[in-house]
Each structure stands twice: as structure tokens, then as C-alpha cells.
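Below, read A as the first sequence line, B as the second, and so on, with proteins coming before strands; counting in each chain starts at 1. Any value given below was found using the heavy atoms of this structure, including those in side chains, with hydrogens, waters and symmetry copies removed.
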Amino acid sequence: MSRARKYWLMKSEPDVYSIDDMEKQGTGEWEGVRNYQARNFMRDMKEGDLVLFYHSNTKPPGVVGVVKVVREAHPDETQFDEKSPYYDARVKKGEPRWDVVDVGHVETFAETVSLETMKDTKALDGMLILRKGNRLSVTPVDKKHFKAVLKLAGAKTTVR
DNA sequence: GCCAACGTTGGC
DNA sequence: GCCAACGTTGGC
């Protein structure tokens, strides 16, 4: 028995990995999460969960599309790879500390739903990403907030 | 480039 | 276990 679908938001710097990269790649591992709280959220993700793809450290920052979870959490191999920017020297072989989920591209929005717009949207009051000083790269999103972002985007993706 | 927020590290 | 120092994130 699978649980009800959950909704999430994941941040990426477009210089590192953008929604366009995601679209070209189709599916891929969400590498490089090195924060326990974010990792634990990823461990709660199930196949079919929907994720808002957020561009950070860019102009303007905001949600640029939708991806979905296609494989649940499993070890992030980059933690063992000395050549990777995500290498973690503290981690012992056979004792992975960090996970990835695999995600698949669903939709790239015609236009970014900017952080500024989101802040100005009453329907998004209380959304975690809008909290001052929020730095978490993976956060849960209320279904009502998820739907409100889709509406702002004029998205093709629909959620019942 | 600045700096607020906040997670992590390590000495004690 | 406390907490100061330090590092990172990310908007502006």
C-alpha cells in the first residue's frame, strides 16, 4: 500500500545544474545534498512524488519547473569519489552517509515563478522557502502551495 | 561584495 | 553538553 503522494521543492544553482540540463538528461540522480535535514527529507520521498525545481543564486531566483521522483533514496556515490566536488573524506567505504533520489523531468515552465512573485502571493503564505533565511535545499511543500505555484506558472502539470 | 541565517566543528 | 569560531547558503 503506497502512501498519498507528497510534494517537495529542491534547489539547484543553474550554473551547476539547471532545469534545461534536467530536461536534456530526462532522468538523473540528485547529487550533492550534504545537509542532514535535507537528506532526511529525501529519504521520505517515494516514487511519483512531485518536486518544484528551484533556481537559486541567479536572477531572478524562483521555481522554473516540475520534476518527479522516479527512484527512492539510495547512496550518493559522489561522497566516495575524491575527484568529485561532493567528496566527503569523513565517510568510510561501505558506510554511506549521503543519499540521492533519482528524478525525472516533467515540465519546464514558460516563465520563472520568481521568489518576488511568490512572496507577493497570499496563497503561498507560510511556504517554507519564503521563510526568512531559509537555506535548506530540500523542503516539503504543502499540496495547496504546490497547486498555487502551478497556477502562477500557468503550468501544464495538474494536481487533483 | 555584503551579510544574515544557521549548520558544523572542536576545545573544554 | 556548551558555545565560540568557522564555513556555507543565497538573497540582495
Could you check how far [atom1] of [X] sits from [atom2] of [N], rounded to whole Å?
X: A:Tyr36; N: B:dC6; atom1: OH; atom2: C1'; answer: 16 Å
X: A:Glu116; N: C:dG11; atom1: CD; atom2: P; answer: 13 Å
X: A:Asp88; N: B:dG7; atom1: CG; atom2: C1'; answer: 14 Å
X: A:Leu136; N: C:dT9; atom1: CG; atom2: P; answer: 12 Å
X: A:Arg39; N: B:dG7; atom1: CZ; atom2: P; answer: 15 Å
X: A:Arg135; N: C:dT8; atom1: CZ; atom2: C1'; answer: 6 Å
X: A:Asn57; N: C:dC12; atom1: CG; atom2: C1'; answer: 11 Å
X: A:Asn35; N: C:dG7; atom1: CG; atom2: P; answer: 18 Å

Is there a side-chain contact between [X] and the phosphate of [N], meaning an N or O under 4.0 Å from OP1 or OP2?
X: A:Lys11; N: C:dG10; result: yes
X: A:Tyr54; N: C:dG11; result: yes
X: A:Lys119; N: C:dC12; result: yes

So which heavy atom on A:His55 is nearest to which on A:Ile19, and how close?
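Minimum heavy-atom contact is NE2-N, 3.1 Å.
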
Mind checking whether A:Pro96 and A:Gln79 have side chains closer than 4.5 Å, heavy atoms only?
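Yes. Closest side-chain heavy atoms under 4.5 Å.
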
Heavy atoms under 4.0 Å, any strand shown: does A:Lys59 hit a base, just sugar-phosphate, or nothing?
nothing

Counting only side-chain heavy atoms from C-beta out, which of C:dG10, C:dG11, B:dG7 sits nearest to A:Gln37?
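The nucleotide sitting nearest to the side chain is B:dG7.
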
Measure from the side-chain N and O atoms of A:Ser84 to the backbone N and O of A:Tyr86, and report whether any donor-acceptor pair falls under 3.5 Å.
yes

Tell me, which pairs form a ring pair (Phe, Tyr, Trp, His ring centres under 6.0 Å) where one or both residues lie in residues 89-124 of chain A, sequence neighbours left out?
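Output for this query lists A:Tyr36-A:Trp98.
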
